[in-house]
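All heavy atoms count here, side chains included; hydrogens, waters and symmetry mates do not. Since the model is a prediction, treat every value here as computed from it, not as a measurement.
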Amino acid sequence: MPQNKCVRQPKLLDIKQRFGLAVRRRRRELDLSQERLAEMCELHRTYISSIERGERNPSLENVEKISKGLDISICGLFVNYGVEIANDS
C-alpha cells in the first residue's frame with residue numbers, strides 16, 4: 001500500500017520576518033545587544049526583540065529610528081540585508 005508523502009514547499013518569509021532578520025543581521029554585525037540598540041533608538045528592548053522575530057509591524061517612524069540606531073540608511077538596510085526579494089517576473 002503506497003504511503004502518502006507530504007512534501008513541504010519552502011515558505012517565503014513575509015516582509016515583517018525579512019525586516020526582522022535584516023535588523024538582527026546588522027545589529028550582530030555591529031556587535032550590539034538588543035538592549036543597547038533599543039536604548040539608541042529610544043525604543044523598548046522587547047519591541048526590538050519582537051521585530052527581529054517578525055512579530056511586529058513597525059511604523060515608518062520606528063523603521064527610521066532603527067536604521068539610525070544601526071547606522072545605515074533605510075534603503076541600505078533593505079537592500080544590503082536581504083529585505084528585498086528578487087522579482088522573477
Side-chain angles (χ1 to χ4, degrees):
M1 179 182 277
Q3 292 181 338
N4 289 337
K5 292 187 178 181
C6 293
V7 178
R8 289 189 179 187
Q9 297 296 322
K11 184 178 176 185
L12 294 176
L13 299 177
D14 68 27
I15 186 66
K16 294 182 298 185
Q17 293 167 321
R18 294 192 317 267
F19 180 73
L21 288 173
V23 169
R24 178 176 288 151
R25 287 178 187 140
R26 178 64 177 168
R27 178 181 60 78
R28 287 181 174 171
E29 184 178 274
L30 297 174
D31 197 30
L32 294 172
S33 66
Q34 289 178 342
E35 184 172 16
R36 180 65 186 125
L37 176 60
E39 289 171 0
M40 294 166 65
C41 300
E42 297 181 347
L43 298 169
H44 197 275
R45 180 195 55 80
T46 59
Y47 183 71
I48 296 294
S49 175
S50 62
I51 286 173
E52 288 187 359
R53 291 192 311 272
E55 296 173 353
R56 299 296 293 254
N57 190 11
S59 68
L60 289 173
E61 292 167 340
N62 287 339
V63 169
E64 181 180 47
K65 286 180 179 183
I66 291 167
S67 70
K68 285 181 180 180
L70 294 171
D71 194 30
I72 191 168
S73 68
I74 294 170
C75 177
L77 186 60
F78 276 67
V79 172
N80 298 326
Y81 292 88
V83 174
E84 287 299 312
I85 57 174
N87 187 355
D88 292 337
S89 52

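Rounding to the nearest 0.5 Å gives a distance of 7.0 Å between CD of Glu52 and CZ of Arg28. Here the CD atom belonging to Glu29 is positioned 9.0 Å from the CG atom belonging to Asn80, to the nearest 0.5 angstrom.
Residues Glu61 and Lys65 fail the side-chain proximity criterion, which asks for heavy atoms closer than 4.5 Å. Counting only heavy atoms from C-beta outward, the side chains of Val23 and Leu37 approach each other to under 4.5 Å. In this structure, Ile66 and Ile48 have side chains that are in contact, with non-hydrogen atoms separated by less than 4.5 Å.
Every residue two or more places apart in sequence or in another chain that forms a side-chain contact (heavy atoms from CB on, under 4.5 Å) with Ser33 is listed here: Glu35, Arg36. For Leu21, the side-chain contact (heavy atoms from CB on, under 4.5 Å) test picks out Leu13, Arg24, Arg25, with sequence neighbours left out.
Screening Glu39, His44, Arg45 for a side chain to side chain contact (heavy atoms under 4.5 Å, CB included) with Gln34, the sole residue that qualifies is Arg45.
Proximity of a side-chain donor or acceptor of Arg26 to a complementary backbone N or O of Asp71 within less than 3.5 Å is detected. At distances below 3.5 Å, at least one donor-acceptor pair connects side-chain atoms of Gln17 with backbone N or O atoms of Asp14.
The two atoms that bring Ser73 and Gly76 nearest to each other are OG-N, 2.8 Å, heavy atoms only. Across every non-hydrogen atom of Ala22 and Leu77, the tightest pair is O-CD1, 3.9 Å. Here the closest non-hydrogen pair linking Gly69 and Cys41 is CA-SG, 4.0 Å.
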Worked verdict on Leu32 versus Met40 for side chain to side chain contact (heavy atoms under 4.5 Å, CB included): CA-CA 10 Å; Leu32 294 172; Met40 294 166 65; 4.2 Å; yes

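Checked against the 6.0 Å centroid criterion, the rings of Phe19 and Tyr81 do not qualify as a close aromatic pair.
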